[in-house]
Amino acid sequence: MQPHQPLTLRRNFSWTFLGNACYAACQWGMVLILAKLGTPEKVGQFTLGLAITAPILMLANLSLRHVQITDAKQQYRFNDYLGLRLICASLALLAIVGIAITTGYSWETSLVIVVIGLAKVFESISDIFYGLIQKYERMDRVAISLMLRGWLSLVAMGIGVYLTGSVLGGAIGLAIAWATVLVSYDIHSSKLILTAQFIQQDAGSHQQQVSTLQPQWCFKKLSKLVWLTLPLGFVLMLISLNTNIPRYFIQEYLGERELGILQRSLT
């Protein structure tokens, strides 16, 4: 089957279920590895890193993937979505670094937060490629990417924690795993799809244009896209905050150990 040919609804559903189930199991496995190889404090550090970075990335993502998929009139090209995602992800990482530096956490906890933020940035960029792949109804490629990302992150985090004895080593392994899948699989899959798509420039014209993976930064178009998607990003940030606010208070008043014990009990 050609990379741009859509799958049936049943096959797309099956692949989606398989990919998300595998990825969720691997996410649970990462916490289990920290619990077995480390201490409650280490679990608490990892949980705090996720709790701080998640709302920031939710806002920065602006739900661009959903807008990209539902853009039936093709008002924006993939280059626009990719360009805006790269800008927002970079700003989000700067915000995470600022929070890690100014909130008074220990140096190790601050580094864990920054590295987890970097890993989430790689995840965010993969997400915009998932939007392109999903738009052409090839959820098998998204599912394979999720499974690769899940298993690689599980192995990389386990090796990192085992060799270094710290959450920082596991977080670095996580970031390397997600960057590897992004570069080696997600970009390659998207390139296969884009190069197979030819868009007619003019009605009746035989000239065709092949889309590329190069980001495009047109201030006017990106400004409109930001105002269109900002409410979606804001809502997702609030949902994430609603989940994570208790973790902030537990860490602040009880410490990372108690936060880790809470997370272990939830898993």
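For residues 83-132, the ring pair (Phe, Tyr, Trp, His ring centres under 6.0 Å) pairs, not counting sequence neighbours, are Phe78-Phe129. Every pair passing salt bridge (charged side-chain N to carboxylate O under 4.0 Å, His left out) that includes a residue from residues 145-165 is listed here, sequence neighbours excluded: Glu123-Arg149. A salt bridge (charged side-chain N to carboxylate O under 4.0 Å, His left out) check over residues 163-184, counting only residues at least two apart or in different chains, returns nothing. Residue pairs meeting the salt bridge (charged side-chain N to carboxylate O under 4.0 Å, His left out) criterion with at least one member in residues 227-241, sequence neighbours excluded, do not occur. Among residues at least two apart or in separate chains, there is no ring pair (Phe, Tyr, Trp, His ring centres under 6.0 Å) pair with a member in residues 238-258. Evaluation of the salt bridge (charged side-chain N to carboxylate O under 4.0 Å, His left out) test over residues 99-116, restricted to residues two or more places apart or in two chains, returns none.
Contacts of Gln75 classified as side-chain hydrogen bond (donor to acceptor under 3.5 Å, both in side chains), with partners at least two apart in sequence or in another chain: none. Remark: Thr70 pairs with no residue by the side-chain hydrogen bond (donor to acceptor under 3.5 Å, both in side chains) rule, at least two apart or across chains. Annotation: side-chain hydrogen bond (donor to acceptor under 3.5 Å, both in side chains) contacts of Thr164 (sequence neighbours excluded): Ser166. In this view, Lys135 satisfies the side-chain hydrogen bond (donor to acceptor under 3.5 Å, both in side chains) rule with no residue, not counting sequence neighbours.
For Asn20 and Thr16, the side-chain atoms include no donor-acceptor pair closer than 3.5 Å.
Rounding to the nearest 0.5 angstrom, the gap separating the CG atom in Leu37 from the CG atom in Leu163 is 10.5 Å.
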Solution key, residues 54-69 side-chain donor-acceptor pairs under 3.5 Å, sequence neighbours excluded:
residue : atom : partner : partner atom : Å
Asn61   : OD1  : Ser124  : OG           : 2.5
Asn61   : ND2  : Leu57   : O            : 3.3
Ser63   : OG   : His66   : ND1          : 2.9
Arg65   : NE   : Gln134  : OE1          : 3.1
Arg65   : NH1  : Asp127  : OD1          : 3.2
Arg65   : NH2  : Gln134  : OE1          : 2.9

Return a table of donor-acceptor pairs under 3.5 angstrom between the side chains of residues 170-182 and protein atoms on other chains or two or more places apart.
residue : atom : partner : partner atom : Å
Thr180  : OG1  : Ile176  : O            : 2.7

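Taking both residues in full, the closest heavy atoms of Gln214 and Leu82 are given as C-CD2, 4.4 Å, listed atom of the first, atom of the second, then distance.
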